[in-house]
Q: 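Dropping the structure in here first, questions after.
Because the structure is a prediction, the values reported are computed rather than measured. When a ligand or atom number is given, it counts from 1 through the structure's own listing order.
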Amino acid sequence: RIFRIFCCHDRPDSTSGEYPVSRWVELDVTPRRILLASTPVGPLGSGIGGGVELTLHNLVYGLGLQGHHVEVVAPAGSLHVGERVHQVKGALQVSSQTQARDAPIEMPSGSVLAAMWSTVSDIQDQFDAVINLAYDWLPLYLTPFMRVPVLHLVSMGSLNDVMDSALADVELELSGRLAAHSMAQANTFPDPAMFRIVGNGIVTERYDLQTRPDAEAALGFVGRISPEKGLEDVAELSARTGRVVRVWGMMQDEAYWHRVAIDHPDARLDYRGFLPTDELQAEIGRCAALVMTPKWVEAFGNVAIEAMATGVPVLTYDRGGPAEIVVDGVTGFVVPADDVDALADAVERIDQIDRAMCRQRVDAEYSSLAMADRVVTW
Ligand code: UDP
């Protein structure tokens, strides 16, 4: 299905009064068969894969709505999404954010990553393209050896030297195969220009706009309980402002959680566990604002658009993806990184933000269809 689109200038010619034709564009909307390769750190639905799990769901949905055929390869035990999930058994990979920059690449015996990519290789001819969502060396290395195009949607900033050079090698051999979620993420790599920026998206229909917070007007924090998320600053903010902070997320580092609590005895942190999306969105929507205090360059920060979709403004440090998502003074406030005073000041100004505007912004920029458009163009 090829559409020819007629493009003209947006203003009429001053003498003739006609709109001059600038060009014809061909838009190819042929349905594609797309195979998505998930992260090998955990099954879909476990939460171990963090934002990658949500990205994958969103892509399956958005690409499906556009008429593409989408299948998924993921570790055994994954939730069902798309037309088919190829469930692959094996030992899970350790998350890369816990590893040192000079760490060599490690794979456990009986690696699920290796098994997943054997599956991808076996079934590749049934697809037009493979989109890899895993931040791992093996799929990058295999890219030039595959018969179908493999594209990589990179989910993290630069963390490891071996990964940086594997990414650079793909770009060198097969330019255009790499995409990132934000400029800030791309800028952490030696050559940011090798990435196409595709942002991210969510299935907006699953999120309800809540026009006001509940009576407690608590702040919210959503993320894996892990040091790179900077929960200690949120605790500090709670102690200073006296506000309750409701916390949702996978308890990845329990010792860290206890340390934060001990170091901030006056903080009013209310841990509410890890919730499935439908319940999480209802809960976030009751908050006065979502707080993001990343200590690393957050590649995107799905939770920012999830909160905004429920009408909740986002207060974030000026670091990484969230600072690109939030329009300062319109959908939240962007404050200097690591400045808890500035955050406390932003808490005082939350009421200046129009919650309906937060939702509108997500509908316009971060819906599954908007994301699918960007990915299909890529
Ligand atoms: N999340 C969830 N339930 C929870 C807390 C978090 O499903 O109780 C999901 C959240 O929706 C988001 C992901 O966990 O999609 C975290 O992604 P993000 O991009 O914010 O950070 P990452 O974990 O990838 O660093």
Q: If you draw a 6.0 Å radius around CZ in Arg349, do more than 12 non-hydrogen atoms from other residues or ligands fall strictly inside?
A: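 Atom CZ in Arg349 is crowded, with more than 12 foreign heavy atoms closer than 6.0 Å.
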Q: Between Ala344 and Thr241, which heavy-atom pair has the shortest distance, and what is it?
A: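 Looking at all heavy atoms of both residues, the closest pair is CB-CG2, 4.0 Å.
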Q: As a quick check of understanding, evaluate ring pair (Phe, Tyr, Trp, His ring centres under 6.0 Å) for Tyr271 and Trp248, giving each step before the final call.
A: CA-CA 6 Å; Tyr271 180 61; Trp248 296 273; 9.4 Å; no
Q: Report the residue from Leu153, Val70, Val72 that forms a side-chain contact (heavy atoms from CB on, under 4.5 Å) with Leu59.
A: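 In the set Leu153, Val70, Val72, the residue that makes a side-chain contact (heavy atoms from CB on, under 4.5 Å) with Leu59 is Leu153.
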Q: Determine the interplanar angle of the Tyr366 and Phe300 rings, folded into 0 to 90°, and report it as parallel if under 30°, tilted if 30 to 60°, perpendicular if over 60°.
A: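 Perpendicular.
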Q: Inspect the surroundings of CE in Met357 and state if more than 12 heavy atoms from other residues, nucleotides or ligands are less than 6.0 Å away.
A: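 It does not: Met357 CE has 12 such atoms or fewer within range.
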Q: Using a strict cut-off of under 4.0 Å between a residue heavy atom and any atom of ligand 1, list the qualifying protein residues by chain and number.
A: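 For ligand 1, the contacting residues are Gly50, Gly51, Leu54, Val222, Arg224, Lys229, Trp248, Gly249, Gly273, Phe274, Leu275, Leu280, Trp296, Glu298, Gly301, Asn302, Val303, Glu306.
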